[in-house]
Amino acid sequence: MSIYLNHFGHSLGNIKKTVEESFQQGKTFSNSEILLESGFKTHHVCNGKTTYELAKEAVSEIENDVNFETIDSIIYATCLTRNGNIGSWEKFYENKDVKHLMDFPVSHLQNDFNIHNAFVMGLNQTACTSLLGSIRVAKSLIDRKSTRLNS
């Protein structure tokens with residue numbers, strides 16, 4: 001079975017630099033030659049914008065093209081594990097209550113866009129392959145649903 005992505009929304013940091021500029025400013029571990037050879041040309045950095053704001057912008061970008069009532073699942077993928085939580089780390093350090101580490105952005109997206117029938121999942125422990133992993137999980141969910149419908 002082939003899987004196709006459509007209505008792809010995205011949002012990037014509001015500061016755009018070349019990888020050479022980022023390397024010269026000490027913002028990357030890899031040198032700019034390695035990044036360029038790997039296909040990277042630009043580096044987008046957020047200045048005060050949260051990862052959840054980026055996610056909301058990406059979903060808002062497709063809001064007019066998609067009937068959210070038909071969405072079966074939301075897979076929230078992030079490269080940085082810490083971005084899988086939008087709670088307050090400061091409050092956690094103050095009182096050690098884990099509820100501050102369990103404020104998950106995927107649930108907020110589900111609620112903010114009224115996608116109440118969807119299964120939600122956060123995928124954030126696969127680093128740079130999180131997007132690829134989310135596509136693989138989505139394909140598996142579609143395959144499973146297709147198998148149930150055909151039996």
Side-chain angles (χ1 to χ4, degrees), residues 1-94 98-143:
M1 173 193 271
S2 298
I3 301 295
Y4 300 95
L5 293 175
N6 62 11
H7 306 299
F8 189 79
H10 74 287
S11 180
L12 300 171
N14 50 337
I15 300 171
K16 182 179 176 180
K17 301 177 182 186
T18 66
V19 293
E20 292 94 343
E21 290 171 321
S22 290
F23 178 71
Q24 290 168 357
Q25 295 171 359
K27 303 292 184 187
T28 65
F29 288 110
S30 301
N31 66 44
S32 54
E33 291 81 22
I34 291 173
L35 292 169
L36 288 167
E37 286 176 19
S38 299
F40 298 100
K41 295 178 185 168
T42 56
H43 184 197
H44 293 265
V45 181
C46 292
N47 184 16
K49 188 181 286 190
T50 67
T51 56
Y52 186 64
E53 289 170 327
L54 291 170
K56 281 181 72 172
E57 286 176 8
V59 174
S60 294
E61 193 174 288
I62 64 167
E63 193 169 14
N64 295 326
D65 301 324
V66 176
N67 178 357
F68 286 165
E69 291 177 15
T70 64
I71 293 177
D72 292 326
S73 46
I74 304 168
I75 303 169
Y76 186 97
T78 180
C79 294
L80 303 174
T81 300
R82 199 168 191 174
N83 292 339
N85 172 50
I86 57 176
S88 169
W89 285 85
E90 291 77 23
K91 288 183 182 177
F92 168 71
Y93 291 129
E94 282 175 22
V98 295
K99 74 178 179 183
H100 303 295
L101 302 181
M102 299 174 69
D103 192 0
F104 302 121
V106 68
S107 300
H108 285 268
L109 280 176
Q110 182 182 36
N111 187 59
D112 289 348
F113 290 95
N114 297 312
I115 311 173
H116 298 296
N117 296 323
F119 159 77
V120 297
M121 176 184 175
L123 180 64
N124 65 359
Q125 293 185 2
T126 56
C128 291
T129 64
S130 289
L131 175 61
L132 299 173
S134 68
I135 293 169
R136 197 171 246 168
V137 168
K139 181 184 181 311
S140 295
L141 289 169
I142 292 167
D143 288 347

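Values below: every heavy atom of this structure, side chains too, minus hydrogens, waters and symmetry copies.
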Starting at [atom1] of [X], measure out to [atom2] of [Y] and round the result to the nearest 0.5 Å.
| X | Y | atom1 | atom2 | answer |
| --- | --- | --- | --- | --- |
| I74 | S107 | CD1 | OG | 8.5 Å |
| R136 | I75 | CZ | CD1 | 13.0 Å |
| K91 | L101 | NZ | CG | 12.5 Å |
| N14 | C46 | CG | SG | 6.0 Å |
| F104 | M102 | CZ | CE | 5.0 Å |
| S140 | I135 | OG | CD1 | 12.0 Å |

Closest approach of [X] and [Y], non-hydrogen atoms and distance?
| X | Y | answer |
| --- | --- | --- |
| N117 | E69 | ND2-O, 4.0 Å |
| H7 | I62 | O-CG2, 3.0 Å |
| I86 | H108 | CD1-CD2, 3.4 Å |
| S73 | L141 | OG-CD1, 3.7 Å |
| A77 | S130 | CB-O, 3.6 Å |
| I115 | L109 | CD1-O, 4.5 Å |

For the backbone of [Y] and the side chain of [X], can you confirm whether one donor and one acceptor N or O come within less than 3.5 Å of each other?
| X | Y | answer |
| --- | --- | --- |
| S11 | A55 | no |
| N85 | H100 | yes |
| T129 | L132 | no |
| Y52 | N83 | no |

Going by heavy atoms in the side chains, are [X] and [Y] under 4.5 Å from each other?
| X | Y | answer |
| --- | --- | --- |
| E21 | F23 | no |
| L54 | K49 | yes |
| V45 | K27 | no |
| F113 | S60 | yes |
| T78 | T51 | no |
| F119 | D72 | no |
| N111 | H116 | yes |

field: Whether F8 and H10 hold their rings parallel, tilted or perpendicular, with breakpoints at 30° and 60°
entry: parallel

Please output the side-chain donor-acceptor pairs of residues 28-37 that fall under 3.5 Å, not counting sequence neighbours, one pair per line with the distance.
unit_1 : atom_1 : unit_2 : atom_2 : d
T28    : OG1    : S30    : O      : 2.8
N31    : OD1    : E33    : N      : 3.1
N31    : OD1    : I34    : N      : 2.9

- prompt: Quick one: do K99 and D103 make a salt bridge, cutoff under 4.0 Å?
  reply: no

- request: Show the numbers, then the answer: is there a side chain to side chain contact (heavy atoms under 4.5 Å, CB included) between V59 and D112?
  value: CA-CA 10 Å; V59 174; D112 289 348; over 6 Å; no

